[in-house]
Amino acid sequence: MPHNFEGVTFRIGGEDQLSQALAAHPCRPFSEETIALLSRFSACLREDTRTREWPDVMSLAFWCRQASLRQQQGVFTGTQHQTGRGLAFHIAPSNVAVNFAYSLVAGLLTGNANIVRLPSKPFVQVEIICDAWRRCLAEFPRQQHRVILVNYGHESQITDYFSGLCQARLIWGGDQTIAAIRRSPIPPRAIDIAFADRYSFSVINADAWLEAKNKARVLEDFYNDTLLTDQQACSASKLVVWSGNRVSQARAMFWEMYTDWLQDKYTLVAANVVKNLTHFCQDAALSSGTHLVNPHENMVFRVELDHPDAEKLITHHQAGYFYEYVAQSLDDIAPLCGEKCQTVTTFGIAPEDIYSFMSQEHPRGVDRFVPLGQSMQFSLLWDGYDLVSYLTRHVQVIS
C-alpha cells in the first residue's frame, strides 16, 4: 500500500481488507452471499438491546431482513447481466446517524466492495451499527473485504487517495461538501453520485387529523420524520402545509398535543431556542409575510407564512423550527416543489389528488410523496437516482 494511512482510524477492516478489496472481483447484485450477509447483520442489530432505544436503527434492521431484501430484489433486478462496478467510496453526512449504513447496504446489494467514511459527530447509533458489523463479519470471513469503515478529518490527501481507488463515489452532505470532495479526482471511468442540499415538507389534511382514531401514532410519525434528526436530514419536514375545512381547530389541537407528547421524548437545547429566535428575527426582517404563532413556547417554534416560500426552506437549518402555511388547494404547494425539493410527507391526502397535481404542474423537483412517518424509509431509488443501475455495470450480449 503506497499510503501510510496517517490520520485514518479503521473502525471495521484495515489495510489487509483494503488490499483484498482492490484485488477482488465484483459480485452480481443481490447475490445469495450478500443477502445472507445482510440478513445476519439485521439479526445482529436486533439481538442488541440498545437497538430498541433508537427507531432509526430499528428501521435499518427491519430494512435488511431477508424478506425485505427479496422484495427489493424483485423490484430492481433487470433482465440484463449486471455486476458491481468494483470499489465504492462513500462519504457520509456528519449530521445524520444512520445514513452511512444505508449507503453501505446499497453498495453491498449492488455487488461492490465498500469504503465508508463515517459521520464526524459521535452518535450512539454508529457504535451500535459498528458493533453489529463486527459480530456479523466474524461469521463471514470471505466477505470482510467488502465492508471497510473509517474515520478521518478533512485531510484532502486521504480523500484523494480513496477517491483514486474507487469505481463509484457517493457523496452525501450538501453543496459545499460536494464541491470540496470533487476537488479529489476519481479514475476516468468512475462515476460520482452526489446527494446535494435538499428540503422537504408535509401536507396534512385538517379534517383527516381531527378524525384520526390513533392521534398518538400520527404524532410519533411526525416526530420520527422531523425531530428524531433535529430536522437536519434532507427528508425532514421544515414546513407544514394545512389543507381542508377545519384548519384552525386542527392546528390548535395538533400542536398542543405534539408539544405535550414531546415532553418525555425530546430534550430541549437552550442554544437551539436562541438560534430559533434569531432565525425568526432574520425571517421577519426579510419578509413582512412572516408571523410568529406561539411567542411563549420554546419546545416548538411555529412561524406562519402568508405565501409558500421555497427560499426559506433552503436556508432552514434549525431544530424545532416549523413553518406553517394554509393552502386553499393542493396546487398551492407548486412554488415549494422546485429543484431542491426532495420529499413531501402527507396525511389524509388522496393519491389521485397527488397524481392530478403532478400531471398538471410538472414540478422540477419532488422525488417522492410518502405517508407521514416514512420520510426516513430508505429506498434504492433515492433522490431520483436508481442506485442499482448507477452502482452496477450492464453487460450487453448481442447474438
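Treat the numbers as computed from the prediction; the structure is a model and nothing was measured.
- No donor-acceptor contact under 3.5 angstrom links the side chains of Thr9 and Asn151, judged on distance only.
- Taking the ring centroids of Phe222 and Phe254, they lie under the 6.0 Å cut-off.
- A side-chain donor from one of Trp255 and Glu324 sits under 3.5 Å from a side-chain acceptor of the other.
- In the model, Tyr323 has no side-chain atom that pairs as donor or acceptor with a side-chain atom of Thr290 under 3.5 Å.
- Shown here is Gln263, whose CD atom has more than 12 heavy atoms of other residues, nucleotides or ligands within 6.0 Å.
- Summarising the local packing, CD of Glu139 is surrounded by more than 12 heavy atoms from other residues, nucleotides or ligands at distances under 6.0 Å.
- Within 6.0 Å of CD in Glu352 there are more than 12 heavy atoms belonging to other residues, nucleotides or ligands.
- Remark: Arg65 qualifies as a cation-pi partner of Phe62 under the 6.0 Å distance and 45° angle criteria applied to the six-membered ring.
- Side chains of Arg198 and Asp367 form a contact here, defined as non-hydrogen atoms less than 4.5 Å apart.
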Residues Phe201, Tyr325; criterion ring pair (Phe, Tyr, Trp, His ring centres under 6.0 Å); working and verdict: CA-CA 11 Å; Phe201 64 94; Tyr325 174 71; over 10 Å; no

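- Under the 4.0 Å criterion applied to side-chain N and carboxylate O atoms, Arg40 and Glu47 are assigned as salt-bridge partners.
- Thr34 and Arg146 form a side-chain donor-acceptor contact under 3.5 Å, judged by distance and modelled atom types alone.
- Using a 3.5 Å distance cut-off with no hydrogens or angles, the side chains of Ser356 and Gln360 do pair a donor with an acceptor.
- Looking at heavy atoms from C-beta onward, Arg142 lies out of side-chain contact with Gln20 at the 4.5 angstrom threshold.
- In the displayed structure, Arg134 atom CZ is contacted under 6.0 Å by more than 12 heavy atoms of other residues, nucleotides or ligands.
- Note: Tyr152 and Phe162 have tilted aromatic rings, judged against thresholds of 30 and 60 degrees for the angle between ring planes.
- No more than 12 heavy-atom neighbours from other residues, nucleotides or ligands sit within 6.0 angstrom of CZ on Arg217.
- The pair Arg28-Glu33 does not meet the salt-bridge criterion, since no charged nitrogen lies less than 4.0 angstrom from a carboxylate oxygen.
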Step-by-step ring pair (Phe, Tyr, Trp, His ring centres under 6.0 Å) determination, His279 to Tyr321: CA-CA 9 Å; His279 191 74; Tyr321 192 103; 4.9 Å; yes

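- Scanning both residues, Leu336 and Tyr199, for their nearest heavy atoms gives O-OH, 2.5 Å.
- Considering all non-hydrogen atoms of both residues, Tyr385 and Ala194 come closest at OH-O, 3.2 Å.
- A side-chain donor from one of Ser202 and Ser237 sits under 3.5 Å from a side-chain acceptor of the other.
- Under 4.0 Å is where a charged nitrogen must lie from a carboxylate oxygen, and between Arg135 and Asp131 no such pair does.
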